[in-house]
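Heads up: the structure comes next, in structure tokens.
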There are 2 protein chains.
Amino acid sequence: MESADRIGRLGGSLTKAERRVAEVVLEQPQLVAFGTVAELAAAAGAGAATVVRLATKLGFDGFTELQSSVQHDLANQLRPAAQRIREPVGTDLVGRHLQLEQANVQTSLGSIDPAALADAVAHLADAAARVFVLAGDNSRGVAQQFVVDLGALRDDVFVLDGNEIAVRRQIALLRPTDVLVTLDFRRYERWLVGAAVDAARAGVWAVTVTDSLLSPLAAHAQRAFVVAAAGAGPFDSHIGTLAVFNVLVTGVADQLRAVATERLDRLEAVWQHALTDR
Amino acid sequence: MESADRIGRLGGSLTKAERRVAEVVLEQPQLVAFGTVAELAAAAGAGAATVVRLATKLGFDGFTELQSSVQHDLANQLRPAAQRIREPVGTDLVGRHLQLEQANVQTSLGSIDPAALADAVAHLADAAARVFVLAGDNSRGVAQQFVVDLGALRDDVFVLDGNEIAVRRQIALLRPTDVLVTLDFRRYERWLVGAAVDAARAGVWAVTVTDSLLSPLAAHAQRAFVVAAAGAGPFDSHIGTLAVFNVLVTGVADQLRAVATERLDRLEAVWQHALTDR
DNA sequence: TCGGAAACGGAACGCATGTTCCAAAGTGTA
DNA sequence: TACACTTTGGAACATGCGTTCCGTTTCCGA
């Protein structure tokens, strides 16, 4: 996209109002392709003159030329619509991933049991429970991502980190009211199983995200979500896992929003503040 | 397509010149969406008045209304999923996420520029360079996931962690041969920008994964990947980011496999060992 | 061959839109 | 605080466009 390239190139030298217009150009190309200067200006909360100034700043002769560029891009984009689907199948790096990751998301979310989801969300939204996440090295990243998001919604969300000794010591201190989230894939360390067994003995309610219902962790968990983790490269893809986590986080957010919107409002305020900063 | 329907319905009662115009409308919708009455008339070998007559005959108020109809159809056809998602708000939690995350993967991977990908992979596979990943709190998880995977393929992959002071101190020690990977989303901390600027001054080659080409970090990076991060809940979804990271990791793996398969073989051996353990 | 009506396109009209200019508001500096 | 500069949006201007009207051409039946 020619216009997107130019915007990205000299995005830094744009003024505030010009940037607002540029964002609309990037996010709503139809508006500039089909619309008028006045409409684009209104959508960006700017004046018509600002729109024209941005166009010239981007190297176009005026809004008309910018519009032509966007129209050209859109026309090219929709022409092969049916044709382009067939061309890049599987051969290239990106196409391979595209198919694979789509399938991962599809099967991971598609196999979610509503009852299990509701149960897991209820436990994760329980303010009386502390939430601990136990993951192996290979998926510690997505685990931490889950902890960050969930931790923004509620208190007492922790990732069990460190070496085997440290983790098992933490698990020994769990209370029966606590909730444990385990991540289990084929290539994980064996001692995680032992840690999970310890937690189960302590009466901790557990949910596991695994790539197989036959995983040992699933046997010791009250609920299990099976995700697809097929990777195009040498490693597993954790996109399915992250998708499931996102569903859980949204579910908890919905549930907690009804009970206590105050915390989310505070978060929104922070975000809005950070948003306007930029 | 509304216009196509109407043309087909009363196609028999069209005059010769009107039929020529109608054919152009069907075969070159862009011409009527982006063009003018005169251009459409010229393409059909007819007069401007004939174009307007056809439009009214089809039940439209005039050419303008016909044009709006075609534009609306094209716009709907353009948005593959990303924006269409927002209109029919999914009823259930899982279905909403399924649509949304599929769209995130689709647009994130679909907008990858092959040249940028090849360039980024080449830099990330460069054994002489150290790789540093700079991310805000909200996406530290996916960043760490990337570091773990890439770190299994090559040496010297680090995440820049900790508070502002610690990070900027680390950045001050970067060498011009190093590579920096930055993650930039709307809700991020401002000091990340300052850190990225410092790195740019030091001559470090940088690639950024962002949700907008207008992000300040994109301005200071040699390459940028734009991902879709729309979330169904209160937070951004990092699935698109993770998908791009997976592509990068696979690309590096392919490249390094040709040069030195030895390290990957060792990794495979470890994995096989862990596999049989279970 | 003639007459009438339908079809068609060119040209003038009026309006919407892009462009340009300028004054006001904002921002940083001495 | 005052000043210079940048940024911004409103209003006038001019261009291009859609619409409409009307004269010409084509077609068909008598």
Side-chain angles (χ1 to χ4, degrees), chain A residues 2-3 6-7 10-25 28-72 74 276-278, chain B residues 2-3 6-7 10-25 28-72 74 190 194 214 216 219:
Chain A
E2 180 64 25
S3 56
R6 299 193 185 183
I7 291 176
L10 45 89
S13 64
L14 296 180
T15 66
K16 273 188 296 183
E18 286 171 348
R19 175 158 308 185
R20 287 201 308 272
V21 176
E23 283 179 4
V24 176
V25 172
Q28 303 182 28
Q30 318 95 1
L31 204 57
V32 47
F34 303 132
T36 67
V37 171
E39 289 173 347
L40 183 56
T50 304
V51 172
V52 178
R53 269 193 295 267
L54 172 68
T56 58
K57 218 173 203 174
L58 291 178
F60 298 104
D61 245 9
F63 173 78
T64 304
E65 204 172 87
L66 164 66
Q67 191 177 46
S68 298
S69 172
V70 174
Q71 287 177 349
H72 194 266
L74 288 191
T276 51
D277 269 358
R278 173 131 154 220
Chain B
E2 182 64 25
S3 56
R6 300 193 186 183
I7 290 177
L10 43 91
S13 63
L14 294 180
T15 68
K16 277 190 293 184
E18 285 171 350
R19 178 159 307 179
R20 288 202 307 272
V21 176
E23 283 177 3
V24 176
V25 172
Q28 302 183 31
Q30 316 95 2
L31 204 56
V32 46
F34 302 133
T36 67
V37 170
E39 289 173 349
L40 183 56
T50 304
V51 172
V52 178
R53 269 193 293 268
L54 172 68
T56 57
K57 218 173 206 174
L58 291 177
F60 298 104
D61 245 8
F63 173 78
T64 304
E65 205 173 85
L66 165 66
Q67 190 178 47
S68 297
S69 173
V70 175
Q71 286 178 352
H72 195 266
L74 288 190
R190 254 177 307 168
L214 285 175

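Nothing here was measured: the structure is a model prediction, and the numbers come from that model. Naming: A, B, ... by sequence-line order, numbering from 1 per chain.
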(request) Using atom CZ of B:Phe34 as one end and atom P of D:dG16 as the other, report the distance to the nearest whole Å. (result) 21 Å

(request) Report which part of the nucleic acid A:Ala49 touches: base, sugar-phosphate, or nothing (heavy-atom distance under 4.0 Å, all strands). (result) base

(request) Using whole Å, report how far CG of B:Leu14 lies from P of C:dA6. (result) 17 Å

(message) Tell me the interatomic distance from A:Arg20, atom CZ, to D:dT7, atom P, rounded to whole angstroms.
(response) 14 Å

(message) Rounded to whole Å, how long is the line connecting atom CZ of B:Phe60 with atom C1' of D:dT19?
(response) 17 Å

(request) Return the nearest nucleotide to the side chain of B:Val52; candidates are C:dG9, D:dT19, C:dT19. (result) D:dT19

(request) Send over the distance from A:Leu54 CG to C:dT19 P, rounded to a whole Å. (result) 12 Å

(message) Does any part of the side chain of A:Val32, heavy atoms only, come nearer than 4.5 Å to the side chain of A:Val24, both counted from C-beta?
(response) no

(request) Assign each of B:Lys16 and B:Arg53 to its nearest nucleotide of DNA chain D by heavy atoms, then name whichever residue's nucleotide is nearer the 5' end. (result) B:Arg53

(request) Send over the distance from A:Phe63 CZ to C:dT17 P, rounded to a whole Å. (result) 11 Å

(message) Over all strands shown, is A:Ala46 touching base, sugar-phosphate only, or nothing at heavy-atom distances under 4.0 angstrom?
(response) sugar-phosphate

(message) When you measure from the side chain of B:Gln67 to the backbone of B:Thr36, do you find a donor-acceptor pair of N or O atoms at a distance under 3.5 Å?
(response) no

(message) Heavy atoms from C-beta onward define the side chain here; which of D:dC27, C:dT19, D:dG18 lies closest to that of A:Thr64?
(response) C:dT19

(request) Check the distance between D:dG18's P and B:Glu65's CD and give it to me in whole angstrom. (result) 15 Å

(message) Treating B:Glu18 as the side-chain partner and B:Leu14 as the backbone partner, does any N or O pair qualify as donor plus acceptor under 3.5 Å?
(response) no

(request) Return the value, rounded to whole Å, for the distance between atom CG of B:Asp61 and atom C1' of D:dT20. (result) 14 Å

(message) Tell me whether the side-chain N/O atoms of A:Thr15 come closer than 4.0 Å to OP1 or OP2 in D:dT8.
(response) yes

(request) Would you mind reporting whether B:Thr15 and B:Lys57 have side-chain heavy atoms less than 4.5 Å apart? (result) yes

(request) Quick one: closest heavy-atom pair of A:Arg6 and A:Gly59, and the distance? (result) NH1-C, 3.5 Å

